[in-house]
Structure formats: C-alpha cells, structure tokens
Number of protein chains: 2
Amino acid sequence: MPKIIDKDQKRRDILGAAVTVFSRKGTAAARIADIAAEAGIGKGTVYEYFSSKEEIFQACFGFFMDEINAVVLQRIYAVADPLEKFSAFFDAWISALSAPVMQSFMIMIEFWAEGIRRRGSDYGFDMAGMYSEYRLMIQNLLDDCVSSTAIPVIDTHSIAAGIIGAMDGIMLQWVLDPGAIDIEKALTALKQIVMAGLNTR
Amino acid sequence: MPKIIDKDQKRRDILGAAVTVFSRKGTAAARIADIAAEAGIGKGTVYEYFSSKEEIFQACFGFFMDEINAVVLQRIYAVADPLEKFSAFFDAWISALSAPVMQSFMIMIEFWAEGIRRRGSDYGFDMAGMYSEYRLMIQNLLDDCVSSTAIPVIDTHSIAAGIIGAMDGIMLQWVLDPGAIDIEKALTALKQIVMAGLNTR
DNA sequence: TATTTATGACCGACTGGTCGGTCGGTAAAA
DNA sequence: TTTTACCGACCGACCAGTCGGTCATAAATA
C-alpha cells in the first residue's frame with residue numbers, strides 16, 4: 001500500500017466515509033472503527049486527520065451541504081427569469097434525487113437533531129443559519145415572481161418556509177417508506193401547486 | 001414516600017418522563033438514571049416496569065402518538081362537511097401547538113431516525129405504517145372535497161404527502177429556530193393555500 | 001549508484017471511563 | 001409473617017482516544 005501524499009484528499013475521503021456511516025447507523029451508534037473500515041484505513045489513522053468524533057461530525061455538515069449544493073443550487077444560477085428559475089429549482093431537486101449524495105440523506109436527520117439540541121450555542125455548524133439562508137433565497141425568488149407578474153402580495157416568508165418544509169417532509173416520508181411514496185410524482189405535484197399559485201392573476 | 005399501587009399509572013409516569021428526557025437529550029445520550037430522576041424514582045424501579053431502554057423507547061412511540069392524537073385528531077371528528085373538516089384539521093394543529101405534549105416534539109426526530117434505520121424489519125413501532133394511515137386520512141378528506149365540489153381531479157395521494165410533509169417540515173424549522181419562524185402564521189399560510197386550492201372551480 | 005539515515009504516514013493493542021442492566025436488601029403494606 | 005414496591009451499589013461489556021512501533025519514501029552520504 002503506497003503512502004498518500006494529498007492530505008486534503010484523504011481528509012475528504014474520511015469525511016465521505018463518515019457521512020456514509022453516520023447516515024447508515026446514526027451518529028451515536030457509528031463507531032470510529034466503522035468509519036476507518038469504510039475509508040479502508042486503520043482506526044489510528046483517522047485521528048491523524050481529525051482530533052475527535054465530534055470534529056468529524058461537525059466537518060461532515062459542511063462536506064455534505066457542499067455536495068448537495070453542487071448538484072442542486074448551481075443549476076438555477078444559469079436561469080434569469082424568476083418564474084423559470086423557480087421551475088429550475090424544483091427540477092434541480094428532482095433530478096438530484098438519483099445523485100450518489102442522496103444515498104446519505106438520512107444524515108440530515110442527525111444534523112436536525114444535533115442542530116436543535118444545540119440551538120443558540122456557538123457550535124461547529126449552524127443549521128438554523130443554513131435554513132435562514134435557504135428560506136431567504138426562496139423568499140427572494142418568490143418576491144421576484146410577485147413583482148414581475150400580477151400576483152397579489154403574499155406572505156412570502158411563510159410560503160418559503162412551507163416550500164422548504166414540504167420538500168424536507170416529502171423526502172422524509174420517502175426514505176421512511178420508499179415503496180409508499182413516488183418521490184418524483186410528489187415533488188412534481190408540489191412544483192405544480194407552487195407554479196400554479198405563481199401564475200394566478 | 002408511600003408506595004404506589006396503580007402500576008399502569010406509574011408506567012405512564014415513567015413513559016412521560018422518558019419522552020421528556022429522550023426529547024431533550026436524544027435517545028442515545030439519554031441515561032436510564034436521567035429518566036428515573038425525571039420521574040422522581042430510583043433507577044432500579046424503572047426496571048420493575050420496563051425490561052430495557054429499548055422497550056421504554058418503543059413504548060414512548062405509542063404513548064406520544066396517543067397524546068398528540070388526543071389533542072389533534074379528536075377535534076375533527078365532530079365536523080361533517082369535508083371542506084370544514086379540512087379547515088378544522090389545520091385549526092386543530094395550530095391550537096395544539098401550545099399543548100404541553102408539543103414541548104417534546106423533538107422526540108419525533110428520534111422516531112424518524114429509528115423508524116428509517118429499521119424500516120422493513122419487524123419492530124416495536126411502525127413509523128411507516130403511521131404515516132401511511134395519516135396520508136390515507138388526508139387523502140380521503142381530499143377525495144371527499146373533490147367529489148363534493150367542482151374541483152378538478154388531482155393527485156390526492158401526492159398532495160396528502162405534501163401537506164403532511166409541509167407540516168412536519170415547518171415544525172422542524174420552528175423548533176430549529178423558534179425566533180425565525182412564526183409558526184402560527186406559517187401554518188395559517190399553508191392552510192390558506194390548501195383551502196384556496198380546494199375552493200377553485 | 002549504492003547505502004544509510006530521517007521523516008512522517010499509518011496502524012491496532014491497550015486503557016480509562018461510561019452506562020445498561022442486575023441483585024441483594026429495606027421497609028411499607030397486607 | 002409474607003409479600004412486593006422500591007432502591008442504588010455493583011459489574012462487565014463497550015468504545016473513544018492514545019501511544020509505541022512499523023515501514024515506505026525521501027534526503028543525505030559515500
């Protein structure tokens with residue numbers, strides 16, 4: 001086995017393994033030895049790159065979010081028209097469902113749990129902040145649609161929370177019982193409702 | 001300290017304490033000693049009523065769901081008209097937000113995590129089944145509305161998943177950052193969208 | 001080039017602390 | 001006196017994190 005030179009790449013490899021293991025077994029039940037095995041390295045080596053399980057978990061947040069954003073958010077930047085941008089947003093999520101990173105969607109539940117448990121305190125990752133940013137992005141998109149069409153003024157902040165919530169909640173039901181939910185159909189129905197609301201005049 | 005005679009009541013007391021502790025610290029970090037302290041009894045006594053932490057956790061599911069249903073579902077049975085029933089459903093949830101049981105909403109995250117982790121296998125509680133029932137209830141409500149009005153035929157199963165998902169997702173954002181979400185406003189906005197859709201003709 | 005030395009990536013046996021579950025005992029009630 | 005609700009000291013399995021050591025590669029030396 002040749003030695004690795006690229007420390008950053010190795011760090012990412014470990015984080016990728018950690019996301020997989022945390023997603024599969026949950027943060028508490030995940031063993032450092034599991035992460036090491038998943039990454040194909042020894043347990044001691046994990047501690048050459050991270051100082052604690054906690055640090056690994058916190059780093060997973062940024063790593064996972066970056067991966068999600070890479071397959072979702074980037075697609076909507078190319079579009080200019082607000083309504084089309086909105087449409088692209090849903091399409092991006094729908095087509096991202098088959099991306100490898102979605103196999104680890106369950107780690108979101110761990111982030112929710114830890115994010116809530118430590119809300120308010122300074123902490124290695126900021127779930128509340130991430131959701132705030134996400135809501136704001138959707139809200140701005142909604143505001144753009146409202147001002148560029150004859151849509152009556154609506155509570156765009158609440159609607160933004162509802163849209164994000166619906167996507168989270170639908171995906172939650174999907175991972176809970178993949179056979180009972182046609183995820184593509186469900187997200188498409190959500191898209192149609194929102195788009196229909198935005199096309200009202 | 002007089003001895004207690006009502007074993008069922010004591011069991012419920014312990015479960016109530018367990019829900020509180022599981023919700024506050026998470027399943028893994030919750031200690032049996034914490035639950036005992038919360039219930040005001042000794043650790044050994046807990047094992048007179050339950051044989052393991054796992055059994056307590058599984059029993060919490062039914063206990064918590066019964067409490068939620070007591071403050072939510074019962075209110076809509078009194079209403080007959082489909083549209084009004086739907087309205088009552090949202091109102092019931094909104095007014096249930098201040099119920100004591102909602103203080104422990106975070107235990108839902110534990111149920112989601114364990115429910116997903118053990119999906120498919122026989123297990124002490126059935127998250128997927130509960131969501132299926134819940135979706136079916138909403139779907140029937142939607143179907144009633146569709147057939148009793150001039151609403152065009154819609155994908156009521158997907159819509160039902162979306163409504164439940166939106167409520168879960170909005171409440172998740174709320175517990176994650178209570179200051180950023182006006183939960184009553186957000187649920188009211190969701191209600192208005194759904195009701196507006198059902199009043200289309 | 002061949003050989004020795006230095007570096008640091010890599011590893012897993014070990015340790016110290018933690019906690020689910022047990023069990024022998026106390027005392028209230030019957 | 002018997003029964004049983006109640007209890008917390010105790011035990012052993014488990015695991016995060018440590019540490020002494022190995023070995024592939026690079027640098028220095030001959």
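Reminder, nothing fancy here: chain letters follow the sequence lines and each chain counts from 1.
- Rounded to 10°, the angle separating the first-five-pair axis and the last-five-pair axis of the helix from C:dT1-D:dA30 to C:dA30-D:dT1 equals 10°.
- Atoms CZ and CD, on B:R11 and B:E48 in that order, are 13.0 Å from each other to the nearest 0.5 Å.
- Atoms CZ (A:F57) and P (D:dA16) sit 14 Å apart, rounded to a whole Å.
- Per the geometry, OH belonging to B:Y47 stands 18 Å off C1' belonging to D:dA5, to the nearest Å.
- By the side-chain hydrogen bond (donor to acceptor under 3.5 Å, both in side chains) test, A:S87 is found to be paired with A:K191, residues two or more places apart in sequence or in another chain being considered.
- Applying the side-chain hydrogen bond (donor to acceptor under 3.5 Å, both in side chains) criterion to A:T27, with sequence neighbours excluded, gives A:E110.
- Nearest-nucleotide positions on DNA chain D for B:E48 and A:S51 put B:E48 closer to the 5' end.
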Result block: side-chain N/O donor-acceptor pairs under 3.5 angstrom for residues 174-190 of chain A, not counting sequence neighbours:
residue	atom	partner	partner atom	Å
A:D182	OD1	A:E184	N	3.3
A:D182	OD1	A:K185	N	3.2
A:T188	OG1	A:E184	O	2.6

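- If you find the closest nucleotide of DNA chain D to A:S52 and to B:I41, the one lying nearer the 5' end belongs to B:I41.
- Heavy-atom distances under 4.0 Å link DNA chain C to no residue of residues 14-21 of chain B.
- Put simply, NZ on B:K53 is 15 Å from P on C:dT18, counting in whole angstrom units.
- Residue A:E54 contributes atom CD, which lies 16 Å from atom C1' of D:dC15 at whole-angstrom precision.
- Listed for the B:Q173 side chain is a donor-acceptor partner under 3.5 Å among the backbone atoms of A:A161.
- Take B:E54 and apply the side-chain contact (heavy atoms from CB on, under 4.5 Å) test, not counting sequence neighbours, and it matches B:S52, B:Q58, B:R118, B:Y123.
- Counting to the nearest Å, the C1' atom of C:dA9 and the CZ atom of A:R11 are 16 Å from each other.
- Between B:D8 atom CG and D:dA5 atom P the separation is 12 Å, expressed in whole Å.
- Applying the side-chain hydrogen bond (donor to acceptor under 3.5 Å, both in side chains) test to B:K53 and every residue at least two apart in sequence or in another chain returns nothing.
- Listed by first and then second residue, the ring pair (Phe, Tyr, Trp, His ring centres under 6.0 Å) pairs involving residues 53-75 of chain B are B:F22-B:F57, B:F57-B:F111, B:F57-B:F125, B:F61-B:F111, B:F61-B:F125 (not counting sequence neighbours).
- Between A:K10 and the phosphate of C:dC10, there is a side-chain N or O to OP1/OP2 separation shorter than 4.0 Å.
- As rounded to whole Å, 17 Å separates atom P of D:dC6 from atom CD1 of B:I32.
- A donor-acceptor contact shorter than 3.5 Å links the side chain of A:S147 to the backbone of A:D144.
- Taking A:T156 as the reference, A:Q139, A:L142, A:D143, A:V146, A:I154 meet the side-chain contact (heavy atoms from CB on, under 4.5 Å) condition, with sequence neighbours excluded.
- Taking only side-chain nitrogens and oxygens, B:T45 comes nearer than 4.0 Å to OP1 or OP2 of D:dC7.
- Atom CZ in A:F50 sits roughly 15 Å away from atom P in D:dT18 (whole-Å rounding).
- At a threshold of 4.0 angstrom between heavy atoms, the contacts of B:A28 with the nucleic acid are absent.
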With B for base contact, S for sugar-phosphate-only contact and - for none (protein heavy atoms under 4.0 Å), nucleotides 9-14 of chain D reads ------
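- For A:A88, the side-chain contact (heavy atoms from CB on, under 4.5 Å) partners at least two apart in sequence or on another chain are A:I76, A:V79.
- Regarding contacts with the backbone of C:dC10, a side-chain N or O of A:Y49 is found under 4.0 angstrom from either OP1 or OP2.
- Annotation: side-chain contact (heavy atoms from CB on, under 4.5 Å) contacts of B:L141 (sequence neighbours excluded): B:K85, B:F86.
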